[in-house]
Amino acid sequence: MQSLVRPLLALLLAAAALPVSALPAQAAPPAAGAVPAAAGTTAAAEEWTPPLSTRGRWIVDADGDRFRLRSGNWDGAQGSWNGSGDRTDPAAHHAGQNSHGIPLGLDRVPMPALLADFRALGLNSVRLPFSNEMLRSAAPVPDAAVAANPALRGKTPLQVFDAVVAALTDAGFAVILNNHTVTTRWCCGLDGNERWNSGQTTARWADDWVAMARRYRGNPRVVGADLYNEVRRDTFHDPNWGLGDDRDWHAAAQEAADRILTEGNPDLLIVVEGINWTGIPVDGFPHGRPTLTPARTLSHTLVRSGKLVYSAHFYGYTGPRHSGATGLGETSDPRYQDLGRDELAQVVHDQALFAAAESGAHFTAPVWISEFGIGADEAAARPQAWFRNLTGLLSAADADFAYWPLVGWSTAADGTPGGDSWALLRYDQAGRRSGVPDAGDWRTQPWTGLAATAGRTGPVAPVPSWHQLTTDHRDHSASLLTRVGGDWDSGARKAVCPDGSRLAGLSHTGGRGLCSTSDLRAAAGRHTVVPDEAHVPPGGDWATGYTKLQCPADRFLIGYSLRGSRVSAALCAPARTALPAEGPGRTVWFDRGDARPAGAGGGEWAYGHHKGQCGPAEYAAGIAFTTRFAARPGPAALLCRPLPPS
């Protein structure tokens, strides 16, 4: 979310509701299937078949065809009040625009005309922000807020949101729901929206997401859940990625994602944004924008594979270590608009696009640049050059993108020039449009260059995928089949590969594991917990002097458990086909150094720890460890055996 006075300036300053499930459900949407062109649009709707999923770095539709998110942010439902002054006074709202907690423009333009303009911009999808407060607002919106759409009179903000979702999806757009704020308030700093759990618990936040996923589950063109916007520091505390406390964004995103996919809607894409800001924006103090860089060493493994999308935001007036503030809170760090094209490309790669560009790693996923933007009235050379450079590199990278914002006003409440000059589409009080589709907007050429770049199209073949397991602070069972069976090693920390994967590697210390795509598991049959050497055959000592937890002959490794740093048990799943007879295999030792095959997939999945990994044509059948004095009792060796012929 862009703001002309950037959020972290405020870091230097001191700063009973109905459950969502109790509100009326929305009406049933159209049936699933290929999306036709919508009546009244100026361009044909792109044909695609929901739901969406991922294959490596690409988003694909149900037919396996690439679906590039060419999106805009239709904001308003997340709030527009600046936090001071009379809420009814437009001057107290961002850019003088009182959204009344619903998507902007409904007071000025009929919805079919808005959607026609979206289509003319080349969009196929809309990121639709909302606040948790909006979900519980029982008061109808003022009639004036929906003057151009009288059918929406008397509706609550959530009911208006329902109608907008239905109109978008009826017209063929994909909709990505975005939990933008907790309170219905505009933007940044200490506004009560710093984190997903600012003013509420993580459990309640996840409850809201489950309710929203269920609410639109019958609409297959609601394709994604963008979990939270621009996670950042509050007065005293930074968010983090993996520390295991109540500010751990990695853990919270994992929890909400798994609940959405198991309790809400298994078809949704899960969008996880990087961390927007940590530290105090003062020269000499640690500060910066981590964005997605922590995912290099700690990524997300969801209970349903092929559903993870990472996202990041880039604005010219912010920077890799610049909050965007001017005056108080401004540092001497360069802004993105101060970087030349090549340097900007490298920084954007390092902070975000690496996750899509580097294939075959545990973190490989589509990356959605879900916010960037600039004003139509921006006349300075550097910001204009930044926008041209960024749109050019997004085209060159064939990246998914979403501009901020899509809709704004072009007049103030009193009819004078005003409103949001950043919007791609601006409407005056009579509904007359100005913006990128019209003459005189300098952004038209770079925007058109981006939106019209076809990039990769057509079928995307399935690719091997790699998933990281971590037992840093809690269990990590990514297998729905295993979860059904309950706690298989009470008191131990447990990690299990997603269904459709097999365990490919372990770290000697740190509790990390690596899973690889596999169709080896049988459709039926329970897992086997192996706490001892009961399944090591006579003469089958493949790790002399070490304790060996070996799967039965017809099973393969999918998980492991630890008590402290000591191996506790191995978890084995039944194979769909006969595995090689006892004997063939090799012992892979990794207690004194890495032991991974050349060109091994997964990337650096246990940074700073020795790792052992079976080859791509092997499966893991056992774990060896030792409890001898002065030795570390973590995994020390894997038994790797050849996969059966496919």
Side-chain angles (χ1 to χ4, degrees), residues 53-56 60 64 301 304-306 359-362 364 459-469 478-482 495-506 513-530 534-543 548-560 570-590 595-603 605 611-624 635 637-646:
S53 57
T54 69
R55 291 182 177 177
V60 298
T301 296
R304 292 192 182 275
S305 301
S359 61
H362 64 92
T364 301
V460 176
V463 295
S465 58
W466 304 87
H467 308 287
Q468 183 188 54
L469 297 176
S479 166
L480 294 174
L481 292 171
T482 301
V496 188
C497 292
D499 299 327
S501 298
R502 66 179 186 273
L503 190 68
L506 287 172
L514 180 70
C515 307
S516 176
T517 305
S518 173
D519 63 351
L520 190 57
R521 186 164 186 167
R526 290 178 55 82
H527 57 250
T528 299
V529 180
V530 179
H535 301 289
V536 179
D541 188 353
W542 50 272
K548 295 166 282 295
L549 307 183
Q550 185 171 334
C551 292
D554 62 344
R555 302 189 172 225
F556 63 99
L557 273 172
I558 58 167
Y560 56 97
L571 189 70
C572 306
R576 62 173 173 77
T577 188
L579 298 175
E582 294 294 339
R586 64 189 182 100
T587 303
V588 176
W589 292 97
F590 51 96
R596 294 187 289 167
W605 49 271
K611 297 168 287 296
Q613 186 170 335
C614 296
E618 297 176 315
Y619 70 95
I623 306 169
L638 283 171
L639 174 61
C640 300
R641 287 188 165 151
L643 286 167
S646 47

| said: For the backbone of Ala543 and the side chain of Thr587, can you confirm whether one donor and one acceptor N or O come within less than 3.5 Å of each other? | reply: no
| task | Determine the minimum heavy-atom distance between Pro597 and Gly615, stating which atoms define it. | result | CG-CA, 3.8 Å
| query | Which value, rounded to the nearest 0.5 Å, describes the distance between Trp466 atom CH2 and Gln613 atom CD? | reply | 5.5 Å
| said: Which heavy atom of Val588 sits nearest to which heavy atom of Cys640, and what is that distance? | reply: CG2-SG, 3.6 Å
| Any luck finding a side-chain donor-acceptor pair between Thr364 and Ser359 under 3.5 Å? | no
| message | Taking Arg596's backbone N and O only, do any of them form a donor-acceptor pair with Lys611's side chain (distance below 3.5 Å, no angle check)? | response | no
| Distance from Thr517 atom OG1 to His467 atom NE2, nearest 0.5 Å? | 5.0 Å
| request: Look at the side chain of Gln550 and the backbone N and O of Val536, then say whether any donor-acceptor pair between them is shorter than 3.5 Å. | output: no
| task | For the residue pair Arg521 and Ser479, establish whether any side-chain heavy-atom pair is separated by less than 4.5 Å. | result | yes
| Atom pair CG/CG of Leu481 and Asp499 - distance to nearest 0.5 Å | 4.0 Å
| task | Report the distance from atom OG of Ser465 to atom NE2 of His362, rounding to the nearest 0.5 Å. | result | 13.0 Å
| Any donor-acceptor N/O pair, Tyr619 side chain to Leu520 backbone, under 3.5 Å | no
| task | First locate atom OH of Tyr560, then atom SG of Cys497, and finally report the distance between them rounded to the nearest 0.5 Å. | result | 8.0 Å
| request: Would you indicate whether the side-chain heavy atoms of Cys572 and Pro552 approach each other to under 4.5 Å? | output: yes
| request: Quick one: closest heavy-atom pair of Pro498 and Ser305, and the distance? | output: CB-OG, 3.7 Å
| message | Can you confirm whether Leu643 sits close enough to Arg502 that some side-chain heavy atom of one is under 4.5 Å from a side-chain heavy atom of the other? | response | yes
| request: For residues Val60 and Ser53, determine if any side-chain heavy atom of one lies less than 4.5 Å from a side-chain heavy atom of the other. | output: yes
| Would you say Leu506 and Phe590 make side-chain contact, with heavy atoms under 4.5 Å? | yes
| query | Are Leu638 and Ile623 close enough that some pair of their side-chain heavy atoms sits under 4.5 Å apart? | reply | yes
| note | Looking only at heavy atoms, the pair that brings Val530 and Cys551 closest together is CG2-CA, 4.4 Å
| field | Between CZ on residue Arg576 and CG on residue Asp519, distance to nearest 0.5 Å | value | 4.0 Å
| Least distance between heavy atoms, Ile558 atom then Ser501 atom | CG2-O, 4.1 Å
| message | I want to check something: taking the side chain as every heavy atom from C-beta on, are Arg555 and Leu579 in contact at a cut-off of under 4.5 Å? | response | no
| Within-4.5 Å side-chain heavy-atom neighbours: Leu503 and Leu469 | yes
| query | What are the two closest non-hydrogen atoms of Arg55 and Pro462, and how far apart are they? | reply | NH1-CD, 3.6 Å
